[in-house]
K.L.:
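Encoded as structure tokens, here's the structure I'll be asking about.
Chain identifiers are assigned alphabetically (A, B, ...) following the order of the sequence lines, protein sequences preceding nucleic acid strands; residue numbering begins at 1 within each chain.
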Protein chains: 4
Amino acid sequence: MEAKAGRPRDKETERRILEVTVRLLAEEGYSRMSIDGVAAAAGVSKPTIYRRWSGKADLATAAICTIRLAEPEISTGSTVGDLTAALQNFSRSLLRPNGMALVGTVLAEEGHTPELLALFRERLVMPRRAIIRGILERARRHRELRSGVNLDAAVSMLVGAFYARYLATSKVPSRFAQTVVATVWTGICKPS
Amino acid sequence: MEAKAGRPRDKETERRILEVTVRLLAEEGYSRMSIDGVAAAAGVSKPTIYRRWSGKADLATAAICTIRLAEPEISTGSTVGDLTAALQNFSRSLLRPNGMALVGTVLAEEGHTPELLALFRERLVMPRRAIIRGILERARRHRELRSGVNLDAAVSMLVGAFYARYLATSKVPSRFAQTVVATVWTGICKPS
Amino acid sequence: MEAKAGRPRDKETERRILEVTVRLLAEEGYSRMSIDGVAAAAGVSKPTIYRRWSGKADLATAAICTIRLAEPEISTGSTVGDLTAALQNFSRSLLRPNGMALVGTVLAEEGHTPELLALFRERLVMPRRAIIRGILERARRHRELRSGVNLDAAVSMLVGAFYARYLATSKVPSRFAQTVVATVWTGICKPS
Amino acid sequence: MEAKAGRPRDKETERRILEVTVRLLAEEGYSRMSIDGVAAAAGVSKPTIYRRWSGKADLATAAICTIRLAEPEISTGSTVGDLTAALQNFSRSLLRPNGMALVGTVLAEEGHTPELLALFRERLVMPRRAIIRGILERARRHRELRSGVNLDAAVSMLVGAFYARYLATSKVPSRFAQTVVATVWTGICKPS
DNA sequence: CATGAATGAGCTTTCATTCAT
DNA sequence: AATGAATGAAAGCTCATTCAT
């Protein structure tokens with residue numbers, strides 16, 4: 001039982017394949033994305049891909065698995081400031097080229113490849129919500145919130161406003177985060 | 001030998017093709033949807049489709065064009081009641097089978113077939129927003145809103161909360177509309 | 001319900017595809033035979049094949065279906081003469097190039113594509129056996145056979161001798177039919 | 001550091017590979033059989049196979065080479081009894097799962113890989129024929145046969161009846177051997 | 001020498017589109 | 001104007017074989 005029998009698998013190759021897959025998944029969408037295309041763009045042959053993943057769905061899910069939300073630490077000193085900063089980060093990622101396309105493709109494939117949506121939730125949706133929920137929970141601990149506020153609903157409103165806005169115009173003004181936070185905050189903060 | 005010989009059947013055929021296309025677009029997504037599949041489901045031949053529309057994108061666009069938001073008139077007597085009713089309608093349409101898949105597919109195709117998203121906005125997104133915006137405008141006329149409220153942002157929050165919620169769990173509790181409306185309303189109504 | 005809507009299917013094309021398929025089936029064997037190869041050899045595109053048959057197995061079975069045993073009428077005046085003539089025909093078809101290869105391929109595929117063997121039996125094996133059995137039945141009606149003779153076993157011996165011989169050497173001497181018939185006949189004819 | 005270090009394991013590996021190859025050859029047929037499949041079933045890697053044999057054909061040939069007819073000694077005291085016993089053995093091996101598939105595959109591959117048929121003859125066909133021929137030769141020495149009987153043809157009839165029967169129905173009744181032997185024996189034994 | 005990795009070519013099948021009737 | 005037939009291109013996947021460790 002040696003540590004490494006045979007030719008070692010090239011870690012760099014694997015990374016490149018997944019990177020390319022994430023890109024094509026966003027650019028082309030799941031069903032347009034082809035293994036041929038991934039292989040060509042990654043500079044490997046198709047069996048190199050099939051040796052690692054059992055098929056297209058498996059590759060796509062693995063690719064989504066590699067995505068990790070990389071958000072900077074937020075600490076502005078105030079709840080409103082933190083929420084605004086978090087949503088501005090979100091806004092930026094949404095407005096990146098194909099920023100919404102990946103969201104679209106996992107939703108579109110829900111009926112055919114539900115793993116995509118499941119993983120997308122686990123890797124991207126939930127972590128982002130957790131950040132925002134964390135800010136709200138801290139505010140609650142600091143007794144800034146009125147009683148009975150539903151934090152999950154608040155998170156959905158804050159984040160969702162951007163989805164809805166994008167769906168309406170593809171353009172999100174830079175002050176949008178402030179406006180949204182202000183409104184929601186008025187709705188959930190303890191009345192003065 | 002009437003003047004309009006052969007035409008009556010035409011309109012019906014056209015309608016059936018578009019109806020089938022809308023269904024398949026939601027069920028399969030744009031790139032999975034095939035002209036073959038549309039032709040078979042509509043009971044016509046492929047050239048019958050190509051005679052009317054120039055290709056797959058044109059057909060899909062035309063299909064989305066036929067979609068019309070059919071929401072019942074809302075009039076509960078209060079702004080909060082009207083908003084809640086409107087969002088409950090929205091929630092129902094979201095939770096229908098493949099309710100989010102069409103949203104997903106038009107987003108996923110934004111890079112390849114932007115007309116789909118454009119028309120989706122015109123036919124579905126904007127009319128729904130208009131209904132909700134209408135309720136808010138009436139509230140403003142009735143001086144129920146505090147000054148400076150951004151109505152579009154409010155609409156985005158109300159509607160978007162559902163997108164965000166769906167993206168997080170695919171399940172939307174029936175009380176969600178009330179919770180969202182309550183929070184937003186507190187944020188935008190004139191303080192008592 | 002018109003007689004012929006649309007472009008008529010080219011009967012000649014269909015015939016050519018099947019002809020090529022029979023040839024390649026014998027030359028290459030079932031699993032080596034490819035739809036690509038059939039399409040190229042028949043001068044058509046692959047979808048032209050898929051429009052007519054649902055896949056490789058369907059095409060191969062259809063091809064075997066077209067095979068028809070074309071044996072000349074036999075009438076030499078005597079049972080021994082008729083049997084010898086029938087077996088000489090059989091011998092000739094066996095010794096044709098790839099004459100045994102089709103037999104081999106349907107046997108080899110019994111586990112994977114049993115329809116092939118089933119059809120091969122129906123189209124080739126059984127008709128040939130019927131001819132020989134017919135000769136023996138006539139002999140029985142003429143009271144040439146001893147009582148209790150098992151005709152099916154006799155047919156198997158007559159025909160099978162050629163399979164066994166081929167399996168032993170690929171060469172069948174021209175007098176083989178006479179030898180076999182003589183021996184079997186002595187075994188089944190009424191003792192003088 | 002002995003003289004033959006590492007060899008013992010080799011022989012066992014080789015044996016296992018060949019054993020698996022024989023099985024897959026019968027189960028899948030030559031062209032369906034894959035080196036990948038052999039390697040997996042034998043628990044070795046592909047280069048381990050390629051180091052020993054030059055390719056697929058070479059491996060299959062070697063595998064057939066290992067086959068040895070293992071028939072029990074027959075001695076019932078009478079020629080008819082011995083022949084019947086020998087054919088019953090044959091019948092059993094034919095009716096084993098995939099019993100005819102190997103016959104089929106070597107016939108099907110005659111055009112592409114004639115070595116398979118050649119070796120199959122040498123290792124299986126001829127030894128079996130030799131057993132039956134031996135019984136007949138002993139009968140001739142005992143002056144039980146009429147003069148001028150062609151022993152090879154007799155062997156072909158006896159053995160071939162089973163091939164023909166299988167090709168007709170895949171089912172061989174247990175009394176078939178007796179019937180065949182009785183008929184052929186009547187045809188070749190010295191008239192009383 | 002055995003291993004796992006890599007490859008090019010091939011397979012069956014489906015699609016968007018155009019042609020012929 | 002509608003049909004069924006035909007097509008070139010591509011998709012997902014597997015194979016026999018070779019390479020690098």
K.L.:
What is the separation between atom CH2 on B:W53 and atom C1' on E:dA16, rounded to the nearest whole Å?
P.N.:
16 Å

K.L.:
Using side chain to side chain contact (heavy atoms under 4.5 Å, CB included) as the criterion, list what pairs up with A:E115, not counting sequence neighbours.
P.N.:
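Only A:A57, A:T61, A:T113 meet the side chain to side chain contact (heavy atoms under 4.5 Å, CB included) criterion with A:E115.
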
K.L.:
Looking at D:R16 and D:E19, is there a salt bridge between them, counting it only when a charged N and a carboxylate O are closer than 4.0 Å?
P.N.:
no

K.L.:
Please figure out whether A:A57 or C:P47 has its closest DNA chain F nucleotide nearer the 5' end.
P.N.:
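Between the two, 5'-proximity favours C:P47.
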
K.L.:
Would you kindly say whether A:E28 and A:T105 are connected by a side-chain donor-acceptor distance under 3.5 Å?
P.N.:
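Per modelled atom types, A:E28 and A:T105 side chains form no pair under 3.5 Å.
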
K.L.:
Determine which pairs satisfy salt bridge (Lys or Arg N to Asp or Glu O under 4.0 Å) with at least one residue from residues 39-61 of chain C, sequence neighbours left out, and list them in order.
P.N.:
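Qualifying pairs, neighbours excluded: C:E14-C:R52, C:D36-C:K46.
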
K.L.:
Could you check C:S54 against A:R51 and say which one's nearest nucleotide on DNA chain E is further toward the 5' end?
P.N.:
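It is A:R51, whose closest nucleotide lies nearer the 5' terminus.
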
K.L.:
Using salt bridge (Lys or Arg N to Asp or Glu O under 4.0 Å) as the criterion, list what pairs up with C:E27, not counting sequence neighbours.
P.N.:
C:R23

K.L.:
Between E:dT3 and D:T48, is there an OP1 or OP2 to side-chain N/O distance shorter than 4.0 Å?
P.N.:
yes

K.L.:
Just to verify, what does A:E122 make a side chain to side chain contact (heavy atoms under 4.5 Å, CB included) with, not counting sequence neighbours?
P.N.:
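Expected list: A:L119.
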
K.L.:
So which protein N/O to nucleotides 10-12 of chain F N/O distances come out below 3.5 Å?
P.N.:
unit_1 : atom_1 : unit_2 : atom_2 : d
F:dA10 : N6     : C:K46  : NZ     : 3.3
F:dG12 : OP1    : A:M33  : O      : 3.2
F:dG12 : OP1    : A:K56  : NZ     : 3.0
F:dG12 : OP2    : A:I35  : N      : 2.8

K.L.:
Whole angstroms only, please: what is the NE2-P distance between D:H112 and F:dA16?
P.N.:
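Atom NE2 in D:H112 sits about 14 Å away from atom P in F:dA16.
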
K.L.:
Who passes side chain to side chain contact (heavy atoms under 4.5 Å, CB included) against D:A40, sequence neighbours left out?
P.N.:
none

K.L.:
In whole Å, I'd like the distance from the CG atom of B:D58 to the C1' atom of E:dA16.
P.N.:
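Spelled out: CG on B:D58 to C1' on E:dA16 is 14 Å.
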
K.L.:
Could you state the atom-to-atom distance from CG of C:L59 to P of E:dC11 in whole Å?
P.N.:
14 Å

K.L.:
Round to a whole Å and report the spacing from CZ of A:R52 to C1' of E:dT7.
P.N.:
13 Å

K.L.:
Only counting residues at least two apart or in another chain, list the ones meeting salt bridge (Lys or Arg N to Asp or Glu O under 4.0 Å) with C:R121.
P.N.:
none

K.L.:
Starting at CZ of C:R16 and ending at P of F:dA6, how long is that distance when rounded to a whole Å?
P.N.:
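Checked: the CZ to P distance equals 10 Å.
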
K.L.:
With pairs defined as Watson-Crick or G-U wobble and both distances under 3.5 angstrom, please note down DNA chain E as a dot-bracket string, | for pairing with another strand.
P.N.:
.||||||||||||||||||||

K.L.:
In whole angstrom, what separates A:I49's CD1 from F:dC13's C1'?
P.N.:
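Taking atom C1' of F:dC13 as the reference, CD1 of A:I49 is at 12 Å.
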
K.L.:
Can you figure out which of F:dA6, E:dT3, E:dT7 approaches the side chain of A:V44 most closely?
P.N.:
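The listed nucleotide nearest to A:V44's side chain is E:dT7.
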
K.L.:
With sequence neighbours left out, what residues match D:S45 under side-chain hydrogen bond (donor to acceptor under 3.5 Å, both in side chains)?
P.N.:
D:T48

